[in-house]
Amino acid sequence: MKVIVPLLLATTVSIAQVLPDSSKNQASHWLNPFNFNLASFQKPSQSFAPMARWWWPGNDVEPEELKREMNLFADHFFGGVEVQPLNIVIPMNEKTRPKVTSWDTPAYYKNLTVVMEEARKRKLIVDVTNGSGWPPGGPFLAPEDGFLSLEYGAVTVSGGTKQSIPLPRLPNKTTVPSRLQAVVVAKLSNDTDTGELVPLDFASTRVVTSWVQNDTLVWNFPEGKWKVIAFWAVPSGEQTNIAATPKQGPVVDHLDSTKVLKLYSHLFGSRTGLQPYFGNPFRAVFNDSYEFKANRHYSPDFIAYFKKKRGYDITPYLPANMQRKYNFVGYLNPHAKPDFTFSNQDWRLRYDYDITLGELLGEHFFKTSKKWMESRGLLHRTQAYGLNMDMLAMAGLASIPETESMLGSEAAMKVMTSGALLYNRPLMTAESVVFGNRAYTTTPSKIKFAVDKLFAAGVNQVIYHGVPYRYKPEKLGPEGWYPFSSPFIAGINFSSNLGEANIFWKDQKQVNEYVGRVQYALRSGKPQADVLIYFPFLSVEDIPANPEEILSNGYLPDVEGPLPKGDEHVNAAKVEWAGKIYPLINELEAGGVSWAWVNDASIQEAQLQKDGRLNIRDNHISALILAYDSTIHLKTAERIRRLASGGMRLLAVGSVPTKQPSFLNWKQNDEKTAQCIAAALKGKNSLHTNDIGQLRAWIKDLPQPIQFKERSSFTRQARREMSDGSRIHFIWNKSAAWQSLDLVLDKRYKHSYWLDATTGAIIANSSSTVSYQLAPFSSVLFYASQNSDTADSSAKASTARVNPTEAVLSLSNWDIRVDSVLLKNTVLFDWKSDSLLRFSSADGIYNSAFQWKQGSADKHFFLDLGKVCFTAEVYINNVFVGKRIFPPYLLDITRFLKSGNNTIQVRVTPGQLNEFIGKAKNGDARYRQFKGKEDQIMPAGLLGPVLIRPEKVADSH
């Protein structure tokens, strides 16, 4: 999803453990299934590492610098890059402007070839966006290649006579003529026409297009006041945004496959010289979310296609679909009232229009893109949301569906991951660690929070947003160009700059190694869900966060300054629905039940197995849930009735569907829908309840080969199942407290292991009831194998664990040095409370000493640093102990301790934001975007408390 402020808009085995050989030029090799292997977990192939969106300042790049940066990516354990050339807040002069704006020239493709060659050497993946800037298009397209919008002109006529009415013409800023599509006349349902939400008499409506000659309607109007509404197909005129070209060009019409093919043939055809790299290392063409600017998207074949798909002619009902900026991207959409109304059933007409438009997009853009790319050894990676459409089905039309951190809520993120599960898309990517109004708040711990939230939602490939090409114009500070935080436009404020200019660049490899281990595990096998919950909406926008989730809108309480108050649109229906369904979801999660959303098309394809489970495209599901919604498709309701009568487990919570959304024969079909659902709820394995006790009992009775022994409300999880029935569970402790997790295993599992992705440690279990101690905000992978030959020599039978509730020593007084500031024998404090350190981003060096009486030789002791902002290196007795870059800031220090006096040094790196705010406060124009942002000051330093804790008494693993 791209969100650019209006000001800017106006101004600017296996998935083989190595990359494929060049001889393998088929897209499918990127998606080959494989089973998890313990031997590959600790050091997985770099192909499983996270990728990064790599922003270029247009084409103002140099071959040697491109090579250097590609090698930096490889050396820091990135799996690849997504190349995104764009022109955004780049200070240019007469010398640099031609280079910046030379995207889509031979020079640009020569630079891209340099990247491909270097990537091939270092076995990195390269994805390329489908153009420069966003949405896709460019000046190489003709005006007629752009989107159409259905627009109208209307006049009021007093009836009673035959009249000649010139049709109202509409403004058209393009060279492509507007084309008349239909003329509809309808009587006003009252004599008042205020110009807002004009009420029309449905029974009087007539399509009178055939009475039009030379753009004049000649018709005998009956008595009364009438509206003459002329509908025109008008070029939307939407232009690309921030494309690195001398001028912008049309956004390609996604509803016309011939124009889509023209786009791809131009950008990736023979003229580019990219074909030798298709499949190695060039993996995919990326398409961002489907957010445009049109009052009402339209195509010349829309009316005929609508009649074929919906079974009736939309033409007389078109007035109900007229609404100012209805198809504008959300942040520019005023959410105005419709222009005309027939009745309180108009919503059905808009639903039918929307779902048809989505199907046209699927036919002309998604299928066309996937076919064109896969036939050439490439893949189509895309964020299948933005317009009102069946997003789960659209995810199924992508080679690689993608979600993003900036969707905010886990419920929204899981729309795409659910589509990937249901339609068997093995790679599920995410535009990651990007949040509005959070520039330079990103730390290693925040990256981990963000990616863990994505992993728990079902993502298995992180693509950071992102890393800028090193570009240092004089008007910028030493950090150089970062396109989403600039002194030239203060309104642009997005995280995350993860490149060399980031103070935590030195820690990025360690972060990436963690991500790589998790992604290796979560790309093995296939995703698994116990239950499916019917998803009732056609968009992901406006779904509020679950009260139990963290990192909503990218905000970390007690770590970051408050988010600015916005005037974002609130969808009352989604807010009400979320408030009811989240307690249900939280109960499922606490009970160890994995869930996904499901759409109508998938339910309609579901088959009932002999064991009572559903089979949807070879995905085996224990139960279906309907919750807190009144609408479902009739065909879906009919299928649910048949499945329930056969013994499907059906849970209904709260209100159940009593109607269907389409306008055609809606009264009869609503009645049929209600009857089907009522009959389904009488099935032998159906339950309709609002009782929490019944719900928990139902959850506990679900068949699960790996069960939570107790309710665990602190968890979020994702699951993978191998071809032999073995399982991988990713389990995240989303709470700020230490937690104990207990699992009970079915006897089918011969071995099980806890896998620590932060260190690569593998801990073998020895019984069918296993437990694990989860630190605050930490995660663990659990592997249960049905293979009796799985035991690995690297696995340990047990490992020492800290007792987080006891301390044997507290270190309270420290000497602190930060640059030239020296504080002696002081207690720990937050730098933002100190006038000397408030705006510092220098490392803090903390020194202290303590007396130690040597303990038992077989006991372990742990240094718990408490709260750290944000990374810490620890030395005891001048010997390096280790570094911690995210919670828990805990180290086993047993072998470093000695009897008597011990010294300890902790080197802490804070964030950069405070320094930038300080520079802006002191008048440095290079940081003016941070002026007046003192409320955004972040905590800094070692906050503690610093404790030495004993080992926890061992229990069974």
Side-chain angles (χ1 to χ4, degrees), residues 52 55 76 89 433-450 464-473 475-488 490 492-511 554-556 558-561 563 818-819 821 830-834 836-845 867-873 883 885-886 907-943:
W55 297 300
H76 284 74
V89 292
V433 202
V434 52
F435 305 105
N437 297 297
R438 299 290 89 183
Y440 290 101
T441 63
T442 304
T443 65
S445 60
K446 186 168 183 178
I447 294 174
K448 188 171 183 297
F449 291 159
Y464 297 126
H465 180 288
V467 174
Y469 174 88
R470 190 177 67 168
Y471 193 69
K472 295 186 174 183
K475 294 182 179 180
L476 298 176
E479 300 78 26
W481 174 70
Y482 170 55
F484 298 103
S485 177
S486 169
F488 306 115
I492 303 175
N493 184 332
F494 296 93
S495 57
S496 303
N497 180 353
L498 298 183
E500 296 172 81
N502 188 306
I503 198 170
F504 300 111
W505 172 251
K506 59 185 179 291
D507 303 309
Q508 194 62 50
K509 183 177 181 181
Q510 186 178 343
V511 175
Y555 175 59
L556 287 174
D558 302 321
V559 177
E560 300 170 3
L563 289 167
V818 183
D819 275 344
V821 177
D830 187 340
W831 294 6
K832 71 178 183 180
S833 66
D834 185 279
L836 296 176
L837 301 179
R838 181 173 172 80
F839 299 114
S840 178
S841 65
D843 281 2
I845 301 175
K867 186 174 182 179
V868 177
C869 299
F870 291 97
T871 69
E873 292 182 29
K883 184 173 185 177
I885 62 174
F886 37 63
R907 300 177 183 177
V908 175
T909 300
Q912 286 169 287
L913 178 62
N914 297 358
E915 178 189 359
F916 295 165
I917 293 172
K919 288 181 175 180
K921 182 179 175 66
N922 290 331
D924 190 333
R926 299 173 300 173
Y927 300 91
R928 65 165 63 96
Q929 71 267 38
F930 300 102
K931 187 176 178 61
K933 301 289 186 180
E934 284 83 354
D935 67 325
Q936 298 297 308
I937 291 286
M938 297 176 70
L942 175 60
L943 278 62

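These numbers come from a predicted model, not from an experiment. In this chain, numbering begins with 1 at the start of the sequence shown.
Contact of the Lys506 side chain with the Lys883 side chain is registered, since non-hydrogen atoms from C-beta on lie closer than 4.5 Å. Lys919 places none of its side-chain heavy atoms less than 4.5 Å from the side chain of Arg928. Asn493 is not listed as a side-chain neighbour of Ser485, based on a closest heavy-atom distance of 4.5 Å or more. In this structure, the side chains of Tyr471 and Leu476 stay at 4.5 Å or more apart for every pair of heavy atoms. A heavy-atom distance below 4.5 Å is found between the side chains of Tyr464 and Gln508. No side-chain heavy atom of Val433 sits less than 4.5 Å from a side-chain heavy atom of His465. Tyr440 places none of its side-chain heavy atoms less than 4.5 Å from the side chain of Ser495. Residues Phe839 and Phe916 are not in side-chain contact: their nearest non-hydrogen atoms beyond the backbone lie 4.5 Å or more apart.
Here the two rings, on Phe494 and Phe435, have centers that are 6.0 Å apart or farther.
Under a 3.5 Å cut-off, the side chain of Arg838 and the backbone N or O of Lys832 do form a donor-acceptor pair. Judged by distance alone, with hydrogens and angles left aside, the side-chain atoms of Asp830 form no donor-acceptor pair with the main-chain N or O of Ser833 at under 3.5 Å. A donor-acceptor pair is defined here as one N or O able to donate and one able to accept, closer than 3.5 Å; no such pair exists between the side chain of Asp924 and the backbone of Ala920. Judged purely by atom type and a 3.5 angstrom limit, Ser486 has no side-chain atom pairing as donor or acceptor with the backbone of Pro483. A side-chain donor-acceptor contact under 3.5 Å links Ser840 to the backbone of Ala842. Not one N or O on the side chain of Glu873 forms a donor-acceptor pair closer than 3.5 Å with the backbone of Arg907.
Results of the side chain to side chain contact (heavy atoms under 4.5 Å, CB included) test with Thr871 over Thr443, Asp507, Val908 single out Asp507 as the only residue that passes.
Closest heavy-atom contact between Ala925 and Pro487: O-CB, 3.5 Å. Between Asn497 and Ala501 the shortest heavy-atom distance is ND2-CB, 4.2 Å. Taking all atoms of both residues into account, the shortest heavy-atom contact from Arg926 to Gln929 is O-OE1, 3.8 Å. Across all their heavy atoms, Pro910 and Ala940 have their closest contact at CB-CB, 3.8 Å. Between Cys869 and Leu943, the closest heavy-atom pair is SG-CD1, 4.3 Å. A pairwise comparison of heavy atoms in Ala52 and Val467 identifies CB-CG2, 4.0 Å as the closest pair.
If you take CD1 on Ile885 and CD1 on Ile447, they are separated by 8.0 Å, rounding to the nearest 0.5 Å. Taking OG of Ser445 as the start and CG of Leu556 as the end, the distance is 7.0 Å to the nearest 0.5 Å.
Other residues, nucleotides and ligands contribute at most 12 non-hydrogen atoms within 6.0 Å of the NZ atom of Lys933.
The pair Asp558-Lys867 fails the salt-bridge criterion, with no side-chain N (NZ, NE, NH1 or NH2) lying under 4.0 Å from an Asp/Glu carboxylate O. Between Glu479 and Lys472 there is no salt bridge, since none of the side-chain N atoms of the basic residue sits less than 4.0 Å from a carboxylate O of the acidic one.
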Under the criterion side chain to side chain contact (heavy atoms under 4.5 Å, CB included), I'd like the reasoning laid out for Ile917 against Ile937: C-alpha separation, chi angles, the key distance, then a yes or no.
CA-CA 8 Å; Ile917 293 172; Ile937 291 286; 4.1 Å; yes
Going through the distances and angles, do Leu498 and Trp505 end up as a side chain to side chain contact (heavy atoms under 4.5 Å, CB included)?
CA-CA 7 Å; Leu498 298 183; Trp505 172 251; 5.8 Å; no
Between Val818 and Asp843, does the side chain to side chain contact (heavy atoms under 4.5 Å, CB included) criterion hold? Intermediate values first, please.
CA-CA 6 Å; Val818 183; Asp843 281 2; over 6 Å; no
Yes or no on side chain to side chain contact (heavy atoms under 4.5 Å, CB included) for Phe930 and Gln936, after CA distance, side-chain angles and deciding distance?
CA-CA 9 Å; Phe930 300 102; Gln936 298 297 308; over 6 Å; no
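Between Phe484 and Tyr482, the two ring planes are perpendicular [angle over 60°; tilted spans 30° to 60°].
For Lys921, the salt bridge (Lys or Arg N to Asp or Glu O under 4.0 Å) partners two or more places apart in sequence, or in a different chain, are Glu934.
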